[in-house]
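Below is one structure; the comments refer to it alone.
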Amino acid sequence: MAILSKGMYNMRYDFQKIEPKWQKHWLENDTFKSEVDKSKPKYYVLDMFPYPSGAGLHVGHVEGYTATDIVARYKRMAGFNVMHPMGWDAFGLPAEQYAVKTGQHPRETTATNVANFKKQIQSLGLSYDWNREVNTTDEKYYRWTQWIFLQLHKKGLAYVAEVPVNWCPDLGTVLANEEVPEQVAKGYRVERRPMRQWMLKITAYAEELLQDLDDLDWPESLKEMQRNWIGKSKGAEIDFAIKNHDEKLRVYTTRPDTIFGATFMVLAPEHPLVEKVTTSDCKEAVCSYQEQSSLKSELERTELSKKKTGTFTGAYAINPANGQEIPIWIADYVLVSYGTGAIMCVPHGDERDHEFAEVFDLDIVAITDDNERYINSENKENGFVLNGLEKEAGIATAIEWLEKNNCGEAKTNYKIRDWLFSRQRYWGEPFPVVYNDKGEAQALSEEELPVLLPEMSDFKPTGTPEAPLSKATEWLEYEGKDGKKYVRETNTMPQWAGSCWYYLRFLDPDNEDKFCDPEKEKYWMPVDLYIGGAEHAVLHLIYARFWHKVLYDLGCVSTKEPFQKLFNQGMILGYTYRNYKNDKGEVVSHNDAKWKVEDSGQIAYHKETKEELKVELVAPHEVVWKDGKVYHEELDCELEVKAEKMSKSLGNTINPDVIIKDYGADSLRLYEMFMGPLEQEKPWNDTGIEGVHRFLRKVWLLFIDREGNLNESIKDDAKLDKNVEKLLHKTIEKVTNDLEKLRFNTAISQLMILVNELGGKEINKECAETLLKLISPLAPHIAEELWALLGNDPCVCEQEWPKHDPKLVVDDEITLVVQVNGKFRASLKVAKGLSKDELEKIAREDEKVKTHLDKEVRRVIVVPNKLVNFVL
RNA sequence: ACUGGUGUGCCCAAAUUGGUAAAGGGACUUGACUUAAAAUCAAGGAUUUGUGGGUUCGAAUCCCACCACCAGUACCA
């Protein structure tokens with residue numbers, strides 16, 4: 001990184017002095033305080049509030065928060081009553097892991113981390129209304145999280161169940177399905193084991209959660225992820241009789257029309273019928289298979305590359321379509337928790353069934369021909385005939401036949417499971433629940449809230465499914481109004497609980513009687529713009545929608561959906577440089593290196609010699625960029641460059657504090673917005689920030705001369721050059737449009753064009769002020785300082801947003817492009833609004849064009865105000 | 001494997017409805033200023049939009065195929 005000789009700049013643009021000064025001013029004057037004001041249109045801009053981890057703010061936070069801040073500031077100036085709050089999602093694993101690691105109490109580390117985050121956030125000049133700050137670990141806050149839990153419980157949406165859960169021994173807790181991939185990626189083990197757990201019935205809202213996605217202004221990719229997660233499928237449940245048994249075997253299939261091809265059945269190993277139907281000679285094999293698969297983790301069971309396994313139960317089912325007896329197997333590729341936990345297998349149509357049939361040498365009956373027409377799919381005796389039909393009609397006919405013959409019915413299934421809602425950790429909301437001596441759960445009344453989290457010095461996970469709160473002996477005991485003794489629930493709620501409704505608490509953070517005043521809720525909701533990372537697609541964003549819908553059904557909120565418009569900022573990546581070496585320590589070109597996955601992790605090897613290669617990370621200060629390639633400063637060899645997610649282990653993180661110190665918050669804000677489109681992933685480039693910093697210095701020099709006085713070129717009544725005036729109005733128009741569409745990079749580039757043009761010219765005060773207004777949402781500190789230096793009262797951020805004069809942005813002369821056979825031949829300045837004939841005439845008469853019109857003109861294409869193309 | 005996204009000078013990128021591709025920033029080169037460097041100012045080059053085909057008077061933009069990278073999902077019957 002280039003080192004700035006600070007002394008030089010400080011004389012001119014002293015961001016280190018300016019920025020804290022205005023941050024203090026805004027805070028002390030409550031500049032961004034917002035209250036319900038029905039005379040103005042409201043605008044609710046929300047960030048995904050952070051987990052205040054020990055690592056502090058990173059540049060990814062800065063990106064999203066700057067974007068919302070720009071919108072908030074712009075909307076305020078444009079006449080909106082803006083809600084822009086910030087708070088802390090401070091319960092949960094990251095904070096607690098840190099506390100466990102350092103041995104400090106989570107309450108202390110959380111307080112320290114929050115203070116640090118807040119300081120960092122404030123040093124960015126973000127326009128939050130700090131009167132509305134919330135913290136999910138505050139008892140005044142989690143009291144209402146518990147209250148919402150009670151409402152869910154009352155509606156029957158919270159229940160205790162003994163279910164196979166994702167137990168993570170490393171973290172000492174169970175995890176929700178949605179959380180598993182992330183933790184596994186971090187290297188934690190996750191096992192399946194049955195445990196008694198609190199569940200929330202999110203499945204009851206599956207259809208609504210799916211349907212209502214359509215009306216949301218969200219990125220299509222994110223909606224698609226939620227749709228996939230909900231995983232709606234239509235099909236049928238079918239009953240198969242079991243030979244020599246009264247009980248029926250019910251399966252779920254999306255293709256009831258393939259039933260004639262069903263040549264065997266597979267049950268999940270845990271299916272309750274397995275014990276009943278297994279014949280004595282198969283018992284041993286079945287039991288041992290059941291045991292084997294119960295030990296396997298979910299990951300092992302779903303390992304795709306693995307060969308199919310299973311075993312025969314000895315029992316036979318009867319295919320209702322054709323009366324055939326088909327064997328019943330068990331196999332762990334069938335999941336108990338989906339559908340009925342049993343399937344009919346059609347090896348001709350289904351890849352997985354086919355593979356299984358191959359492995360165990362089971363029958364494969366063809367049911368469609370090469371043209372996808374049904375064959376072998378009719379039974380004249382019972383009137384079930386599919387041959388000759390198309391797929392759609394086949395499915396409909398099959399369902400019809402099944403329903404008429406009482407052996408099945410149409411059925412819709414969802415992949416989404418109920419939300420596993422308890423954690424065996426200390427740092428979370430306690431459940432407002434107690435157990436009587438029979439072990440029955442009983443919800444506490446609303447008056448007994450909050451159930452406080454007890455102070456404990458030993459809050460570490462026990463390493464067993466027993467939660468840490470079980471060690472809080474005094475707290476555990478609860479005496480009911482009936483005088484009986486109860487024991488408290490020792491599990492706590494998961495991280496996601498608090499973030500399910502924080503956007504509502506912001507609207508009325510100090511309310512002691514309600515989680516939120518309905519009047520305030522009605523005024524502010526829904527959230528008009530919500531910006532955050534895409535990693536929350538199927539976690540926070542689906543949980544919060546679920547709670548919101550429950551609250552809507554209870555009449556507690558006025559909208560069906562919480563977040564009308566959602567936008568994902570792209571991740572900011574960091575460059576990593578790698579060097580490959582062979583056994584002898586010789587450098588190998590990265591072009592010859594390949595990667596493969598082994599049990600021990602990823603291994604690099606030489607693509608020809610196959611020998612294993614050592615990989616060295618090279619620190620950024622040791623590399624030299626040249627012509628798009630990267631070389632090692634000393635070794636003088638070419639390195640591999642990649643833009644990767646920033647992480648400590650890769651050493652490619654950027655600390656925003658350092659950037660703020662060296663270049664200022666305005667530069668950091670501007671750079672992150674200028675890097676590229678907000679939604680795109682983009683690598684951090686050290687030299688890039690110098691460009692925007694230079695731009696801000698240029699702005700400064702436009703106003704202030706070298707002695708620190710107001711520049712003489714700014715005159716109250718200077719007459720603006722016509723072209724300058726036009727550019728100014730074009731800039732107002734473009735910046736306004738770009739901010740509306742979150743295209744900050746192009747807005748900044750337009751401002752650069754304007755500032756370059758204004759340099760060295762005489763400008764009037766109005767023009768100077770307009771420029772500052774346009775800049776102020778993006779780089780608020782410098783705009784504020786210059787606004788004051790112009791002799792104005794603070795603040796520029798409270799001024800009215802400039803409007804462009806439509807008459808001034810219209811060009812009265814246009815550049816006419818003349819093409820011959822599609823090739824560019826001339827560009828001519830002509831008056832705007834000429835007719836097609838006039839344009840053609842002018843084009844024909846041009847000398848340069850004439851020389852190319854050597855053949856007969858067959859056709860002339862004229863686009864008014866744009867171009868003329870002669871086709872020969 | 002499937003789904004979604006991306007691919008434009010050395011790098012990050014811009015390009016209303018198809019209409020001069022490369023605005024803006026960085027890097028680089030040169031000049032001015034300077035004892036010198038930095039900073040500042042001024043000037044400058046490159047090119048056919050991942051590859052191949054198609055539609056069109058005209059394609060970065062629309063269609064087809066392929067390649068590369070990124071993200072998500074992963075036996076959900």
Side-chain angles (χ1 to χ4, degrees), chain A residues 2-5 8-9 12 181 219-225 227-229 231 233 235 251-255 258 266 301-304 306 308 331-335 337-340 342-346 349-353 355-356 413-417 534-535 537-538 570-571 573 625-629 641-645 671 674-677 679-692 694-695 697-698 701 737 743 745-746 748-753 756 759-760 815-827 858-861 863 865-872:
Chain A
I3 307 297
L4 294 176
S5 44
M8 290 299 287
Y9 301 158
R12 302 177 187 172
E220 203 45 49
S221 63
L222 204 140
K223 290 205 231 177
E224 201 56 27
M225 279 166 76
R227 288 190 191 107
N228 289 339
W229 190 262
S233 75
V251 301
Y252 172 70
T253 177
T254 53
R255 295 295 303 273
T258 63
V266 172
R301 280 182 66 157
T302 58
E303 197 66 62
L304 245 177
K306 217 190 55 210
K308 294 264 180 296
D332 63 8
Y333 81 93
V334 174
L335 311 171
S337 45
Y338 183 76
T340 62
I343 59 171
M344 66 175 203
C345 296
V346 185
D350 188 282
E351 234 176 272
R352 297 151 300 183
D353 297 347
E355 203 188 311
F356 193 82
N413 249 324
Y414 298 89
K415 223 157 80 174
I416 192 170
R417 313 286 157 80
E535 67 273 16
V538 291
M571 209 185 302
L573 308 170
W625 283 79
K626 207 181 166 192
D627 293 339
K629 289 181 176 161
V641 208
K642 270 180 163 177
E644 292 176 272
K645 189 174 172 174
Y671 174 56
F674 187 60
M675 287 169 88
E679 69 275 18
Q680 220 165 80
E681 282 193 341
K682 42 215 168 241
W684 180 277
N685 230 317
D686 285 330
T687 50
I689 193 158
E690 294 187 25
V692 290
R694 209 170 285 160
F695 164 70
R697 284 209 312 273
K698 246 183 227 178
L701 285 174
N737 287 337
R743 294 199 301 222
N745 54 334
T746 49
I748 294 166
S749 125
Q750 181 65 33
L751 285 165
M752 285 173 168
I753 295 170
N756 286 343
T815 311
L816 181 73
V817 173
V818 186
Q819 297 179 335
V820 178
N821 276 340
K823 278 209 174 87
F824 170 78
R825 292 303 177 193
S827 80
R858 287 192 291 140
R859 203 173 146 195
V860 183
I861 288 128
V863 182
N865 294 328
K866 282 235 165 81
L867 106 171
V868 178
N869 186 9
F870 294 101
V871 185
L872 304 185

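Reckoned from all heavy atoms, side chains included, excluding hydrogens, waters and symmetry mates. In what follows, every chain begins at residue 1, and chains take the letters A, B, ... in the order their sequences are listed.
Comparing B:G26, B:G24, B:A14 by their nearest atom to the side chain of A:N745 picks out B:A14. Taking the side chain of A:R697 as heavy atoms from C-beta on, and the options B:G19, B:A39, B:A77, the nearest nucleotide is B:A39. Between B:A14, B:G24, B:A77, one nucleotide has an atom nearer to the side chain of A:F674 than all others, and that is B:G24. The nucleotide whose nearest atom lies closest to any side-chain atom of A:T687 is, among B:A27, B:U20, B:A77, B:A27. Ranking B:A77, B:A14, B:A23 by closeness to the A:P677 side chain, first place goes to B:A14.
Using a 4.0 Å heavy-atom distance criterion, A:I753 is classed as a sugar-phosphate-only contact. Base engagement by A:T815 is indicated by at least one non-hydrogen atom pair under 4.0 Å involving a base atom.
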Under-3.5 Å N/O pairs linking protein and nucleotides 67-73 of chain B:
residue	atom	partner	partner atom	Å
B:C70	O2'	A:E681	OE1	3.2
B:C70	O2'	A:E681	OE2	3.4

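Annotation: cation-pi pair A:K308/A:Y333 present, NZ/CZ under 6.0 Å from the ring centroid and within 45° of its normal.
Within 3.5 Å, no donor on the side chain of A:K866 pairs with an acceptor on the base of B:U16, nor the reverse.
Atom name P, nucleotides B:G19 and B:C69: the rounded distance is 32 Å, in whole Å. Separating the P atom of B:A37 from that of B:G44 is a span of 23 Å, rounded to the nearest Å. Rounded to the nearest Å, the gap between the P atom of B:A22 and that of B:A38 is 32 Å. B:U61 sits 9 Å from B:U49 when the P atoms are compared, rounded to a whole Å. When the C1' atom is compared between B:A60 and B:A21, the two are found 8 Å apart, to the nearest whole Å. Comparing the same atom, P, in B:C67 and in B:G52 gives a spacing of 15 Å after rounding to whole Å. B:A13 and B:G25 have their C1' atoms separated by 8 Å, with the value rounded to a whole Å. With P as the reference atom, B:C41 and B:C11 are 26 Å apart, rounded to whole Å.
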Open item on the list: Can you build the contact string for nucleotides 57-63 of chain B? Use B for base contact, S for sugar-phosphate-only contact, and - for no protein heavy atom under 4.0 Å.
Closed with: B------
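Minimum heavy-atom separation, A:V251 to A:T340: CA-OG1, 3.2 Å. Pairing each heavy atom of A:Y671 with each of A:P683, the nearest pair is OH-O, 4.3 Å. Here the shortest heavy-atom pairing between A:D353 and A:M344 reads OD2-O, 3.9 Å.
When only modelled atom types and interatomic distance are considered, A:N756 and A:K698 share a side-chain donor-acceptor pair under 3.5 Å.
Here B:A60 sits opposite no nucleotide as a Watson-Crick or G-U wobble pair (both hydrogen-bonding atom distances under 3.5 Å). Pair check for B:A1 finds B:U73; Watson-Crick or G-U wobble, both atom distances under 3.5 Å. Pairing of B:U51, defined by two Watson-Crick or G-U wobble distances under 3.5 Å, is identified with B:A65. Of all nucleotides present, only B:A32 satisfies the Watson-Crick or G-U wobble test against B:U40, with each distance under 3.5 Å. In this structure, B:G18 makes no Watson-Crick or G-U wobble pair, since no nucleotide meets both defining distances under 3.5 angstrom. The pairing partner recorded for B:C10 is B:G26, the criterion being a Watson-Crick or G-U wobble arrangement whose two distances lie under 3.5 angstrom.
No salt bridge links A:R697 with A:E690; every basic N to acidic carboxylate O contact stays at or beyond 4.0 Å.
For the pair A:I748 CD1 and B:C12 P, the computed distance is 18 Å after rounding to whole Å. Atom P of nucleotide B:G25 and atom CD1 of A:I689 are separated by 16 Å, given to the nearest angstrom. A:E679 has its CD atom 11 Å from the P atom of B:A13, to the nearest Å. Remark: P of B:C75 and CZ of A:R255 are 20 Å apart, rounded to the nearest angstrom. Note: NZ (A:K698) to C1' (B:A42) measures 12 Å, nearest angstrom. Going from atom CD of A:E351 over to atom P of B:A74 covers 17 Å, rounded to whole Å. One can place CH2 of A:W684 at 14 Å from C1' of B:G25, the figure rounded to the nearest angstrom. When the C1' atom of B:A74 is taken as reference, atom CZ of A:R227 falls 20 Å away, rounded to whole Å.
Put simply, the side chain of A:L867 does not reach to within 4.5 Å of the side chain of A:V818, judged on heavy atoms. No side-chain heavy atom of A:C345 sits under 4.5 Å from any side-chain heavy atom of A:D350.
A distance-only check finds no donor-acceptor pair linking the side chain of A:Y338 to the backbone of A:R417 [under 3.5 Å]. For A:K415 (side chain) and A:S233 (main-chain N/O), no donor-acceptor pair under 3.5 Å exists by modelled atom type.
Taking for each of A:E224 and A:N756 the nucleotide of RNA chain B with the nearest heavy atom, the 5'-most of the two is the partner of A:E224.
Rounding to the nearest 0.5 Å gives a distance of 10.5 Å between CG of A:N865 and OG1 of A:T815. Distance check, rounded to the nearest 0.5 Å: NZ of A:K866 to CD1 of A:I861 gives 15.0 Å.
The phosphate of B:A77 (OP1 or OP2) has no side-chain N or O of A:Y333 nearer than 4.0 angstrom. Residue A:S221 places none of its side-chain N or O atoms closer than 4.0 Å to OP1 or OP2 of B:U3. Taking only side-chain nitrogens and oxygens, A:Q680 never comes nearer than 4.0 Å to OP1 or OP2 of B:C12. One finds a side-chain N or O of A:R694 lying less than 4.0 angstrom from the OP1 or OP2 phosphate oxygen of B:A27.
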- [ ] Take A:F674 and A:M752, measure what side-chain contact (heavy atoms from CB on, under 4.5 Å) needs, and give me the verdict at the end.
- [x] CA-CA 11 Å; A:F674 187 60; A:M752 285 173 168; 3.9 Å; yes
